[in-house]
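Letters A, B, ... mirror the listed sequences (proteins, then strands); counts begin at 1.
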Amino acid sequence: MAFLELDDVRKEFGDLVAVDDVSLSIEEGQFVTIVGPSGCGKSTILRSITGLETPTSGEIRLEGNDITDLPPYRRNIGLVFQDYALFPHKTVFENVAFGLKMRGASDEEQRERVEEMLRMVNLEGYEEKYPKECSGGEQQRIAVARAIAFDPDLVLMDEPLSNLDKNLRTSIRSELRRIQDETGVTTVYVTHNQNEALSLGDKLAVMNDGRLEQYEEPETVYREPQTRFVADFLGRSTELPGTFRRRNGDAIAELDGGVELVVGNDESLAEGDDVALFLRDEKLKLVDGTAPTANVIDGTIESVDYRGRDVNYYIHVPELDQTLQVSHIADNSTETFHELGDRVSMYVEPENVTCLPASTGRS
Amino acid sequence: MATEQDHVTKGETDVDAERGYFGITFASRTKWNLIRLVTVVVYVLMLLPLLVIVVNSFNPSRLGNFPPESLSLRWYTELFADELMLRALWNSLQVGVAAAFGAGLIGTLTAMGFVRKNFRMQDALVIVLLSPLLVPPIIVGVAATIFFSQIGIGRSLMWLIVMHTLLGLPYAFLIIRSQLYLFDETLEEAAQTLGADRVTTFREVTLPLISPSIITAMVIVFVISFGEFTATQFWVKRTTTTVPVVIFSMLRTSISPKIDALATVMLVVTIAIPLAVLGIRRYAMPN
Amino acid sequence: MSTERARLPAMKDRVMENDWVQFLISPGIGIAWVLGLLFLPMTIILVISFAIPGDFGNVIYEFTTANYERFVNAGVYQSIILESLMYGVVVTLIALPAGYTVGYFLGRSKTDWKWVLLGLVVLQYWVPFIIRTYAWIIVLSNNGVLNTLLMDVGVIAQPLDVMYSNVSMILGLTVSLLPFMILPVYVSVSTIEEDQIHAAKTLGATDFRAFREITLPQSLPGIVSGILFVFIISAGAFLAPTLLGGPTTRMIAPIIEGVFINDFNWPFAAALSMIYFAIIAFLLYLFTRRVDLEEALETGAT
């Protein structure tokens with residue numbers, strides 16, 4: 001029995017299915033990230049776990065107890081809101097102490113715990129300030145402290161970093177991870193940002209259109225996407241349609257214009273299946289004429305996007321009638337860059353080609 | 001009242017803000033000066049008569065020649081020796097405060113109902129709620145008088161309170177509702193996830209945050225109640241009379257500077273009480 | 001996730017049910033208050049307007065259309081209502097340009113005095129009508145402040161006979177109602193960014209064109225709200241015609257009061273009230289075909 005279990009949870013708003021029979025289980029102490037585009041249902045899942053939303057059908061169990069119909073104030077679950085939802089008329093102390101006060105903690109207990117929490121988020125001495133006197137990053141940490149202060153069974157975070165600027169996001173991201181390590185509190189983190197999704201969690205759930213697409217360790221999800229949506233959503237890649245062939249024990253994808261690519265062997269595919277290939281732009285390597293003979297695609301540079309630490313080449317492949325993107329770490333001291341119109345060759349290792357049945361998930 | 005600098009960026013009347021004072025054409029300045037002139041005239045018309053009342057109330061002469069040759073508190077002394085006047089003042093204050101609380105409470109519950117719940121015919125019901133603003137007060141006065149007399153309820157302060165609550169309700173509702181529209185409901189959700197049930201959530205989060213609008217609404221209702229005459233004239237008897245009714249009946253008999261004194265007291269109450277309440281509100285709730 | 005937030009109302013109904021606070025938090029009490037104390041009394045006077053007047057305010061409940069026939073046959077009441085509406089139009093026509101100008105000034109001016117000036121309008125709005133009306137008596141009457149001053153200075157030999165006339169009534173009424181025009185116009189104008197006007201000018205608009213194309217359309221809600229309040233209040237005014245008006249001033253509210261209090265003829269007073277109310281309601285209906293009544297009331301009342 002897992003710590004938190006979602007069992008065929010479904011939520012409909014009128015005709016719209018926001019969450020489409022999602023099952024998910026989370027172990028105690030885990031940090032799980034749910035990622036997906038806007039409107040994919042991830043926030044609805046979060047709100048269902050807190051009780052701010054009641055599923056149309058399905059069951060949510062915490063430590064084996066059915067909590068599906070419990071109002072939020074009878075669950076012991078902390079939620080960090082996207083816009084923090086700090087009480088503007090209460091001081092930082094009163095905000096962080098609110099959950100403790102609701103649970104009848106004494107003044108002394110409140111003071112101790114709030115102090116401990118503020119120390120943990122590096123905001124000692126902020127007790128008497130009001131939220132509006134704090135910066136966005138500080139407010140964010142106060143919200144985290146408030147959600148953890150009353151020692152919840154579970155902490156949920158709803159896009160908590162989306163209102164912060166980029167630099168702050170990175171630093172608070174690592175701080176969140178540190179706080180979770182320190183407290184060991186089971187955490188579910190919802191985001192639409194794939195960097196956060198990949199770097200934060202012990203496990204990563206990818207959602208699309210109300211459905212759970214894949215739920216595994218972040219590395220696995222990135223390396224071995226199970227559906228076309230996941231392959232397309234995480235990282236940057238180009239999707240190519242093709243047909244699956246087996247030849248001399250090799251798994252081969254036949255693309256338009258006679259191009260063939262050897263792909264990682266996948267037992268589930270059969271001769272003649274329609275497949276979708278995904279070529280990640282960082283897995284495509286520019287090679288010169290002496291390179292391997294297989295898995296090489298030729299093309300012409302269509303445009304160059306110099307971005308400092310890397311260079312993006314957009315390479316048109318006439319056979320495929322497609323433009324592929326190649327991301328190339330720039331060695332600024334020595335390298336001479338290709339120019340528009342240069343003919344180049346690209347190579348991709350078979351195991352780096354994601355090959356999925358065309359029928360799995362849409363992208 | 002307006003300084004020369006306010007020409008610099010004057011909307012239509014300026015040609016180009018960047019060019020500042022010297023870029024303004026003669027025609028633009030003339031137009032703006034005309035606007036200022038009209039404004040000054042309007043302010044004089046609005047304020048000067050009131051000023052005359054206040055000054056006159058300190059004029060010991062019964063004829064009220066203006067400007068007064070000397071100042072005295074004669075009329076105030078007479079005013080505060082007059083039991084009817086004091087009673088009217090006390091009645092007006094009681095009714096105003098009670099109506100303010102009544103309309104504040106009902107307005108809050110009603111506005112929350114409209115903003116937070118879905119029900120049918122919402123638009124039509126809003127117009128129903130606002131209709132006391134649309135029915136001329138003379139008709140409200142006549143209708144309520146006939147209604148109460150037909151069901152056998154005699155004139156009392158409670159009658160006034162109930163009716164002034166009605167007259168103030170649309171204002172209270174609109175003021176509180178406009179604040180509720182701005183209220184971030186995730187704050188209530190946050191309180192609930194932290195363990196506050198709905199009553200606690202309302203007490204700890206919702207009420208403190210919408211209370212500025214409730215206080216404003218109550219002040220406005222008090223002001224409306226305190227000054228209401230046209231409908232109220234039908235609703236009072238001698239012991240429940242209010243200040244406006246007393247002033248009106250004094251005007252019918254004879255014009256005495258005592259009226260100026262009573263009007264000045266009324267002026268002070270209608271201006272001082274709201275300012276005091278709003279001032280305390282600002283002081284007590286820095287946010 | 002804006003798409004999911006937008007659907008919250010569906011959720012709210014569920015979360016809030018089964019709770020005593022939720023029972024209280026409903027439009028019910030306010031609606032009941034208005035229905036019980038306004039709609040019900042209005043219905044009763046509608047009934048009584050078809051009854052026979054007895055002595056001393058008594059009502060004999062026998063169906064008659066006599067009260068309405070009296071209105072139709074004695075043309076005087078018709079012309080009184082017509083005149084009331086006309087006074088309403090005149091007051092509105094004076095208050096609109098004057099109030100708009102002041103509201104515009106307050107909305108555009110950068111003077112430090114702006115908040116004081118604005119506060120004075122709000123205070124004026126708070127001052128009871130009876131005081132605002134009474135003030136004109138002591139200013140305008142024959143031995144009033146204006147005449148005394150003018151005669152002292154020697155501008156005039158005889159007192160100006162302006163008091164107790166249509167002029168004094170219209171003046172008093174208009175000035176009393178100016179805040180209802182100034183405040184909503186100020187609110188509308190002050191929300192128009194000045195850069196819009198600058199932009200219009202860079203695109204070649206003259207001062208007047210910029211005003212007509214940019215400021216005027218966007219301040220329309222304020223104008224509409226001002227017109228609504230000024231017209232309804234002035235056409236139904238009681239104090240100004242009673243205290244400031246002259247022998248030829250006839251308006252409906254004092255007439256209804258007279259029939260009700262002096263003649264003790266409740267059914268006829270009820271009939272006059274219903275007729276006048278029907279006319280106002282019809283005008284409001286015409287009004288709502290062009291604009292949103294709720295919005296106009298909200299602009300004016302908050």
is_close_aromatic(B:Phe119, B:Phe114), centroid dist under 6.0 Å: yes

Among C:Ile182, C:Ile233, C:Leu239, C:Asp195, residue most engaged with chain B (heavy-atom pairs, under 4.5 Å): C:Leu239

B:Asp260 versus chain C, the contacting section by heavy-atom distance below 4.5 Å: both

Smallest separation among heavy atoms of C:Lys114 and C:Ser109, with atom names: CD-O, 3.4 Å

Side chain to side chain contact (heavy atoms under 4.5 Å, CB included) partners for B:Pro132, two or more places apart: B:Leu166, B:Pro170, C:Val34, C:Leu38

Heavy-atom pair count under 4.5 Å with chain C, highest-scoring of B:Leu134, B:Asp123, B:Val219, B:Leu34: B:Leu134

Chain B interface, residue from C:Leu178, C:Ile192, C:Ile45 that has the most non-hydrogen pairs under 4.5 Å: C:Ile45

Contacting region of B:Leu48 [heavy-atom separation from chain C under 4.5 Å]: neither

Closest-packed option against chain B by number of heavy-atom pairs under 4.5 Å, given C:Thr288, C:Thr101, C:Val116, C:Leu228: C:Thr101

Where B:Ile175 and B:Ala217 come nearest, the two heavy atoms and their spacing: CD1-CA, 4.0 Å

Segment of C:Ile137 engaging chain B (4.5 angstrom heavy-atom cut-off): side chain

Contacting region of B:Pro49 [heavy-atom separation from chain C under 4.5 Å]: both

Best-contacting candidate, B:Ile146, B:Thr230, B:Thr270, against chain C by heavy atom pairs under 4.5 angstrom: B:Ile146

Straight-line distance of B:Leu45 CG to C:Thr174 OG1, nearest 0.5 Å: 10.0 Å

Beyond-backbone contact of B:Thr232 with B:Met163, side-chain heavy atoms, under 4.5 angstrom: no

Lys/Arg-Asp/Glu bridge criterion (N-O < 4.0 Å) met for B:Arg198, B:Glu188: no

Side chain C:Thr206, main chain C:Arg209, donor-acceptor under 3.5 Å: yes

Contacting moiety of B:Phe229, where chain C heavy atoms sit under 4.5 Å: side chain

Any donor-acceptor N/O pair, B:Ser57 side chain to B:Thr264 backbone, under 3.5 Å: no

Pairing residues for C:Leu171 by the side chain to side chain contact (heavy atoms under 4.5 Å, CB included) criterion, not counting sequence neighbours: C:Trp136, C:Leu140, C:Val175

Residue part contacting chain B, namely of C:Ile131, when any heavy atom lies under 4.5 Å: both

Residue among C:Ala135, C:Gly236, C:Ser273, C:Pro27 with most heavy-atom pairs under 4.5 Å to chain B: C:Pro27

Heavy-atom pair count under 4.5 Å with chain C, highest-scoring of B:Val162, B:Thr145, B:Leu125, B:Thr108: B:Val162

Which of B:Leu105, B:Ile224, B:Ile259 touches chain C most, by non-hydrogen pairs under 4.5 Å: B:Ile259

Heavy-atom donor-acceptor pair, C:Arg132 side chain to C:Ser176 backbone, under 3.5 Å: yes

Which atom of C:Pro41 lies closest to which atom of B:Ala143, heavy atoms considered: CB-O, 3.6 Å

Atom group of B:Leu251 that falls short of 4.5 Å from chain C, counting heavy atoms: side chain

Side-chain donor/acceptor of B:Glu228 to backbone N/O of B:Ala231, under 3.5 Å: yes

Heavy-atom closest pair, residues C:Asp292 and C:Glu294: OD1-N, 3.0 Å

Greatest number of heavy atom pairs closer than 4.5 Å to chain B - which of C:Ile138, C:Ile280, C:Val127, C:Ile48: C:Ile138

Side chains of C:Val102 and B:Tyr43 in contact at under 4.5 Å (non-hydrogen atoms): yes

Under 4.5 Å from a heavy atom of chain C, the part of B:Thr165 involved: both

Engaged part of B:Val126 at the chain C interface, taking heavy atoms whose separation is under 4.5 Å: side chain

Partner chain C: residue of B:Val243, B:Val41, B:Ile127, B:Asp197 with the largest heavy-atom pair count (under 4.5 Å): B:Ile127

C:Asn147 side chain to C:Ser141 backbone, donor-acceptor under 3.5 Å: yes

Region of C:Gln124 in contact with chain B, defined by heavy-atom distances below 4.5 Å: side chain

Engaged part of B:Val269 at the chain C interface, taking heavy atoms whose separation is under 4.5 Å: neither

Portion of C:Thr133 that has a non-hydrogen atom of chain B nearer than 4.5 angstrom: neither

Chain B contact via C:Tyr61 - which portion, at a heavy-atom distance below 4.5 Å: side chain

Interchain contact, C:Leu35 with chain B, by part (heavy-atom threshold 4.5 Å): side chain

Greatest number of heavy atom pairs closer than 4.5 Å to chain C - which of B:Ser213, B:Gly107, B:Ser131, B:Ala144: B:Ser131

Under 4.5 Å from any heavy atom of chain B - which part of C:Leu272: neither

Interface moiety of C:Leu106 toward chain B, non-hydrogen atoms closer than 4.5 Å: side chain

Interface moiety of B:Ile53 toward chain C, non-hydrogen atoms closer than 4.5 Å: both

Under 4.5 Å from any heavy atom of chain C - which part of B:Gln122: neither

Minimal non-hydrogen separation, B:Leu207 against B:Arg203, with atom names: CB-O, 4.2 Å

Region of B:Leu267 in contact with chain C, defined by heavy-atom distances below 4.5 Å: both

Region of C:Leu37 in contact with chain B, defined by heavy-atom distances below 4.5 Å: both

Short side-chain to backbone donor-acceptor contact, C:Thr242 and C:Phe238, under 3.5 Å: yes

Check: B:Phe226 ring centroid to C:Trp126 ring centroid under 6.0 Å: no

Interface moiety of C:Phe260 toward chain B, non-hydrogen atoms closer than 4.5 Å: side chain

Residue B:Phe173 versus chain C: region with a heavy atom under 4.5 Å: neither

Among C:Ile31, C:Leu123, C:Ile256, C:Val139, residue most engaged with chain B (heavy-atom pairs, under 4.5 Å): C:Ile31

